[in-house]
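Down below is the structure, laid out as structure tokens.
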Amino acid sequence: NDMNEEINSINRILPTAPAGGETYNNMGEKAIVIRMWIRSVLRKITHYKAEHQRLLDEEVATTLQLILPQEIVLNNVLPFLELPS
């Protein structure tokens, strides 16, 4: 799966990254590679979290539309689900 591949990619990248030298902000090159990898993993986590929330919102909206009267859903529930989290 995509997330597992991203997490395991550090095992492929880190052994070939040069260890020495101080570069940006007095960090070694391996430290830079690790920071870039962490950012990449966090971006994917954020993406999947947002996608999960979107799917939950759709499921909740559908369920509520089946249970509640249409007017209540349109005027009160759907606008609430569209608020940014």
Side-chain angles (χ1 to χ4, degrees):
N1 111 12
D2 186 38
M3 194 68 206
N4 286 336
E5 184 178 320
E6 187 67 36
I7 290 170
N8 291 330
S9 69
I10 195 67
N11 295 327
R12 292 187 307 275
I13 298 167
L14 200 54
T16 60
E22 289 188 3
T23 55
Y24 179 74
N25 272 350
N26 294 325
M27 289 188 297
E29 293 177 43
K30 284 198 185 273
I32 292 171
V33 168
I34 292 169
R35 282 182 179 226
M36 289 171 42
W37 173 76
I38 290 170
R39 286 186 187 117
S40 177
V41 169
L42 289 175
R43 274 192 302 274
K44 290 220 184 246
I45 290 171
T46 302
H47 167 76
Y48 285 119
K49 183 178 174 184
E51 180 66 14
H52 176 74
Q53 187 62 50
R54 185 187 66 78
L55 292 171
L56 284 177
D57 289 348
E58 286 178 7
E59 183 178 332
V60 167
T62 301
T63 302
L64 289 173
Q65 284 176 337
L66 295 172
I67 296 171
L68 296 174
Q70 181 86 10
E71 182 181 331
I72 292 174
V73 173
L74 291 176
N75 294 334
N76 299 303
V77 177
L78 292 180
F80 176 77
L81 291 176
E82 293 174 4
L83 291 174
S85 55

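Nothing fancy with the numbering, it's 1 onward along the sequence.
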L66 meets the side chain to side chain contact (heavy atoms under 4.5 Å, CB included) criterion, sequence neighbours left out, with none
Could you tell me the separation between the CG atom of L55 and the OH atom of Y48, rounded to the nearest 0.5 Å? 12.0 Å
Rounded to the nearest 0.5 Å, how far does CD1 of I34 lie from CD1 of I13? 10.5 Å
State whether a side-chain donor-acceptor pair under 3.5 Å links D57 with Q53. yes
If the condition is side chain to side chain contact (heavy atoms under 4.5 Å, CB included), which residues does T46 pass it with, not counting sequence neighbours? none
Side chain to side chain contact (heavy atoms under 4.5 Å, CB included) partners for A50, two or more places apart: none
Which pairs, with at least one residue in residues 40-54 and sequence neighbours excluded, count as a salt bridge (Lys or Arg N to Asp or Glu O under 4.0 Å)? D2-K44, E51-R54, R54-E58
With sequence neighbours excluded, residues passing side chain to side chain contact (heavy atoms under 4.5 Å, CB included) with N11: N8
So if you build clusters from Ile, Leu, Val, Met, Phe, Trp, Tyr with side-chain heavy-atom gaps below 4.5 Å, do I45 and I38 land together? yes
Atom CE of M36: over 12 foreign heavy atoms under 6.0 Å: no
Shortest non-hydrogen contact from V33 to A17? CG2-CB, 3.8 Å
Could you tell me which residues satisfy salt bridge (charged side-chain N to carboxylate O under 4.0 Å, His left out) with E6, sequence neighbours excluded, listed by chain and number? none
Measuring from atom NE2 of H52 to atom NE2 of H47, what distance do you get when rounded to the nearest 0.5 angstrom? 13.0 Å
Shortest non-hydrogen contact between K30 and L14, atoms and distance: NZ-O, 2.6 Å
